[in-house]
Amino acid sequence: MDGHIGVYIGNGEVIEAQGTAYGVVKTQLSGRGWTKWLKIPNIKYVNQSKK
């Protein structure tokens with residue numbers, strides 16, 4: 001999605017702003033057309049193991 005940013009929150013879900021008609025919503029990562037990803041510097045990313 002050119003010029004659009006979402007925040008991945010785990011479990012295949014993303015928080016994204018969809019404009020004034022919808023506001024900020026939680027959506028599924030798959031099927032939304034995301035083409036790129038990045039990690040923001042100075043944020044500690046933790047992998048959680050499933051027990």
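Residues that satisfy the side chain to side chain contact (heavy atoms under 4.5 Å, CB included) test with I43, not counting sequence neighbours, are I40, Y45.
The CD1 atom of I5 sits 14.5 Å away from the CD1 atom of I15 when rounded to the nearest 0.5 Å. One finds the NE2 atom of H4 at 14.0 Å from the NZ atom of K36 (value rounded to the nearest 0.5 Å).
In summary, the side chains of E16 and T27 do present a donor paired with an acceptor at a separation below 3.5 Å, with no hydrogens or angles considered.
Note: the hydrophobic cluster containing V25 does not contain V14 (ILVMFWY, side chain heavy atoms under 4.5 Å, direct or indirect links).
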